[in-house]
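First the structure, in the form of structure tokens, and then the observations on it.
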Amino acid sequence: MPDSNQANLIRLPPACKCRHISKFRLLLQAHCSLLPAVNSSLQFPPEGSENENKDIDFKILFLSCSKVYRAKQLHALLMVSGRAQDIFLSTRLVNLYANLGDVSFARNTFDQIPKKNIFTWNSMLSAYTRFGRFREAVNCFYHLLLASGLRPDSYTFPPVLKACGNIVDGEKLHCWVLKLGFEWDVFVAASLVHMYSRFGFLCIARQLFNNMPVRDLGSWNAMISGFCQNGNAAEALDVLDEMRSEGVKMDPVTVASLLPVCALADDIVIGMLIHLYVVKHGLEADVFVSNALINMYAKFGILGHARRVFEQMEVRDLVSWNSIIAAYEQNDDPNTALGLFKKMQLLGFRPDLLTAVSLASIVSQLSDRQSSRCVHGFIVRRHWFVEDVVIGNAVVDMYAKVGAIDSSRTLFEELPVKDVISWNSLITGYAQNGLASEAIEVYQMMEEHREIIPNQGTWVSILPAYSHVGALQQGMRIHGRLIKNCLYLDVFVGTCLVDLYGKCGRLDDAMSLFYQVPRTSSVPWNAIISCHGIHGHGDQTLKLFNQMLDEGVKPDHVTFVSLLAACSHSGLVDEGQRFFYVMQEKCGITPSLKHYGSMVDLLGRAGRLEMAYDFIKNMPIQPDASVWGALLGACRIHGNVELGSFASDRLFEVDSENVGYYVLLSNIYANVGKWERVDKVRSLARDRGLKKTPGWSSIEVNNKVDVFYTGNQTHPKCVEIYKELKVLTARMKSLGYIPDYSFVLQDVEDDEKEHILMSHSERLAIAFGIISTPPKSTIRIFKNLRVCGDCHEATKFISRIAEREIIVPHEDETGKQVRGAVGIKNTCKSHFQTTAPKSCYMRPPGGILAPGESIIATGNSTSLELLYFAQQFVRGRQARRNHYVRCTRGIPESFDSQKINPNQRPHAVSGEFRG
DNA sequence: CCAGACTTTT
């Protein structure tokens, strides 16, 4: 008997006093809650035929258990009334526990049943399967088979077939099905079809399906879902046609299987047709169907439809909420997603692991560092990290995206299980935070783990890291590996390779690779356009853009960022302005801050500083740091102190953290010798706790990338490097090199200045290159910051003395560069962003030019620098009258500085050597 | 009393 306390708690309605059995039953049904029912059945045992009534009453009792504790009370009741040994009731009890999700209690109950029948076993088996405890289900099956002496029936196989973990188990089970003669059972056969298709053996599945004498809807669904889950949309739709021609109607399950492949096959028409069918047949009421619809529309990016389906749902479950949140999150609307998440919580839905995955992504899109810690804590408290790798990967990714790369690393180390995606996330994280050498290091660690097999995502994250530091050799090794498995033809991987070759100055290789990868999407186009832009081939960029339009590829916002940057670097002001117009009017793209920044850069770099300022004033959105930064950069190029200091005031209002801008401003003052202003800016930066980003240069020698910082004395070959530099400097001086101390932004003695210039990172790297590579081979240097003008000069001399081609591309002064396609997810959304470094790329800098070859100079160099360079080139080659340099823009045919209009500053000079 | 087929994932 339940204890008296409990009995007192239960207040029976007055109708219970009635002893008549039918009224008693009505009462139980009306109050379908266990405790009154238990009490009633104990206090008022039903009359009439015992056996008949006993069953019915217990059925109601079982039905009324909706919580585990009630099931336990019922269990107790069965024990006290001596019914626990009843095979029928105890089997129901096993089921009850299983239905309530307590598999271990079900197992306990199961174990306590002395004589089990096949129903009992089947119940236990299906309980294991339903809760994903597949190993135990299969073990249980073999136990039944070998130890119980019972014969499995047709109910036994479907759960076991679902539970089997690999094809070997599956084939063994298939043998048992045949041996025991169950292959003609519709359910068993459908389960076999499903199992084979799950392991990708679609031919066997199809064969079995064709041989089925009777097919019910479930069998058709098993076959269709088999094809769907293998991404085989065409076959799935064929089966659907067959099914409909046999007069079988689609049910919610069919629809829910088919909808995801519509998104996969990129076929919105079929998807909408199915939606019509759903509406017509009223299948919307099924949560699975509506959820699948939401997901499909989300994948097509049609958020309006997704939202409408969601709003019209009468019953929403956790999956519905997860789906709609993920829909907004994946379509770059984190704020709406967050709003929905809050609403979901208010309505009392408990977030699950997948909600947390979306949440992590939302937080990283909002780049909200504070919340990222909250999300982490939220997940730790629920012990989800041990449950699933996915969530761990998501959080590693989140920390990396909000810039907390150290937290990302720490968490990565702590993950109980790591898969290839975990590694990819960390590599991508380092790469996106500009820490390319760390990314490479992690990649090498990953290669040491034999069990982790790199995939597309790995290549897409490591290749940009290689191109970041200019590790062409290592990148090419990867290229070799990719050729073996044909992955280099993958759009994203191929694009990364194009980017690598392009960034490393191998534009020809980049182009030939570009023509091999599929180019129906804008992704590879953006990369190749950007690469040409970086190297100042403005005309080539325009050609490529036209070609892109001819081939019917729709340019996206990234295309225009690359295009505008390219115009800016090649001084194509009018073209740039035209593209800005085309983008809005013809392509319907609303310009983002990046586009505005590029436009300011375009105008400013060309010397139209007032126009650039007016442009900023007329912007419909609030200008951010990148826009003011572009203006400041332009002021530095053109030495406009006044506008520069104005721009920097605005700049520090929106971003006072980026040390690069302080450096820019102090350079502006230093160039005009306003040292006290320089000091002021420096102390301002110091007071705000900012440290100058150390400039580095890197060089790849023997598959290893060496990075040098200015004044670096820790390199193993340090002594030789400085020795070489001394020799070089002496020879340079004899050839007329005069160190330009204006680039030393410190007020020190001249010989100290000379030493500072000599130990600039770039020169250390070059010297190291000269002593470590065979004579005459090309030296490729990579830098993170802008080159200093003196190094730029010195490099030309060194190139001539050492008879080496020296290539030095470099980046923005802010050291900020959004690097290419990092991370699959991003690339899928064509975020193939390669903001062009504002480069000064010369080929060959020393003027060693073969007939027909051309030189290119672009970027930060002022027209006079360019002119000087070109003259040097001509002199260096002992130019004759019939040697001439053809200029693409701005500079007249001969190098007569008098004819140059200083307002029309050329930014690309290409020269041709005609002997 | 027990069975199959279906939606969300970094």
Side-chain angles (χ1 to χ4, degrees), chain A residues 55 58-59 62-63 86-96 98-99 117-127 129-130 152-162 182 185-195 197-198 215-226 228-229 250-260 283 286-296 298-299 317-327 329-330 352-358 360-361 364 388-398 419-422 424-425 428 457 823-825:
Chain A
D55 290 4
F58 271 106
K59 197 168 189 174
F62 274 104
L63 278 177
D86 185 317
I87 180 78
F88 172 81
L89 289 175
S90 51
T91 304
R92 286 214 59 157
L93 204 56
V94 171
N95 264 314
L96 180 63
N99 284 336
N117 63 13
I118 188 64
F119 295 120
T120 327
W121 283 95
N122 287 348
S123 302
M124 197 58 233
L125 272 172
S126 68
T129 305
R130 216 167 338 143
D153 66 0
S154 63
Y155 283 83
T156 313
F157 284 102
V160 188
L161 284 170
K162 190 182 176 189
F182 286 112
D185 183 275
V186 204
F187 276 40
V188 176
S191 300
L192 279 169
V193 168
H194 181 243
M195 181 205 72
S197 50
R198 211 177 78 220
R215 292 178 201 138
D216 68 353
L217 187 56
S219 338
W220 285 102
N221 285 340
M223 194 64 244
I224 290 176
S225 80
C228 289
Q229 279 167 7
M250 292 199 277
D251 78 335
V253 176
T254 329
V255 171
S257 325
L258 280 168
L259 283 173
L283 302 180
D286 187 287
V287 244
F288 274 67
V289 170
S290 286
N291 292 346
L293 279 171
I294 294 174
N295 283 306
M296 182 193 71
K299 285 196 184 115
D317 65 358
L318 188 59
V319 178
S320 324
W321 283 100
N322 283 348
S323 302
I324 195 76
I325 291 172
E329 172 257 305
Q330 281 165 14
D352 73 344
L353 203 137
L354 293 173
T355 326
V357 170
S358 292
S361 172
S364 60
D388 202 338
V389 240
V390 176
I391 187 68
N393 298 345
V395 177
V396 168
D397 191 61
M398 173 188 76
D419 64 356
V420 62
I421 298 176
S422 325
N424 291 352
S425 302
T428 308
I824 294 251
K825 197 173 159 189

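Order of the sequence lines fixes the chain letters, A, B, ..., with proteins taken first and strands second; residue numbering starts at 1 for each chain.
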Atom [atom1] of [X] and atom [atom2] of [N]: how far apart are they, to the nearest Å?
| X | N | atom1 | atom2 | answer |
| --- | --- | --- | --- | --- |
| M296(A) | dC6(B) | CE | P | 19 Å |
| N322(A) | dT9(B) | CG | P | 9 Å |
| L353(A) | dT7(B) | CG | P | 18 Å |
| L318(A) | dT8(B) | CG | C1' | 9 Å |
| L259(A) | dA5(B) | CG | C1' | 15 Å |
| I294(A) | dC6(B) | CD1 | C1' | 15 Å |
| I224(A) | dC6(B) | CD1 | C1' | 11 Å |
| D185(A) | dA3(B) | CG | C1' | 8 Å |

> Under 3.5 Å, is there a donor-acceptor pair between the N291(A) and N322(A) side chains?
Replying inline: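 No, because no side-chain N or O of N291(A) sits under 3.5 Å from a partner of the opposite role on N322(A).
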Would you give the length of the straight line joining atom [atom1] of [X] to atom [atom2] of [Y], rounded to the nearest 0.5 angstrom?
| X | Y | atom1 | atom2 | answer |
| --- | --- | --- | --- | --- |
| F157(A) | L125(A) | CZ | CG | 10.0 Å |
| S361(A) | D397(A) | OG | CG | 7.5 Å |
| I118(A) | D153(A) | CD1 | CG | 5.0 Å |

For the side chain of [X], counting heavy atoms from C-beta on, which of [options] is nearest?
| X | options | value |
| --- | --- | --- |
| P260(A) | dC1(B), dT8(B), dG4(B) | dT8(B) |
| V357(A) | dC6(B), dT9(B), dC2(B) | dT9(B) |
| N393(A) | dT10(B), dC1(B), dT7(B) | dT10(B) |
| Y155(A) | dG4(B), dC2(B), dC6(B) | dC2(B) |
| V253(A) | dT9(B), dC1(B), dC6(B) | dC6(B) |
| K162(A) | dA5(B), dC2(B), dC6(B) | dA5(B) |
| D153(A) | dC2(B), dA5(B), dG4(B) | dC2(B) |
| P159(A) | dA3(B), dC1(B), dT7(B) | dA3(B) |
| S154(A) | dA3(B), dC2(B), dT10(B) | dA3(B) |
| S323(A) | dT8(B), dT7(B), dT10(B) | dT8(B) |

> Could one point to a donor on the side chain of N221(A) or the base of dG4(B) with an acceptor on the other under 3.5 Å away?
Replying inline: no
Think [X] has a side-chain N or O under 4.0 angstrom from the OP1 or OP2 of [N]?
| X | N | answer |
| --- | --- | --- |
| Q330(A) | dT10(B) | yes |
| S225(A) | dC6(B) | yes |
| H194(A) | dA5(B) | yes |

>> Using the salt bridge (Lys or Arg N to Asp or Glu O under 4.0 Å) criterion, which residues pair with R198(A)? Sequence neighbours excluded.
In response: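 Once residues adjacent in sequence are excluded, R198(A) has no partner under the salt bridge (Lys or Arg N to Asp or Glu O under 4.0 Å) criterion.
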Counting the atoms with a prime plus P, OP1 and OP2 as sugar-phosphate, which does [X] contact under 4.0 Å by heavy atoms, base, sugar-phosphate, or nothing?
| X | answer |
| --- | --- |
| A190(A) | base |
| S425(A) | nothing |
| S290(A) | nothing |
| D216(A) | base |

> Quick one: side chain to side chain contact (heavy atoms under 4.5 Å, CB included) partners of S154(A), sequence neighbours excluded?
Replying inline: F182(A), D185(A), V188(A)
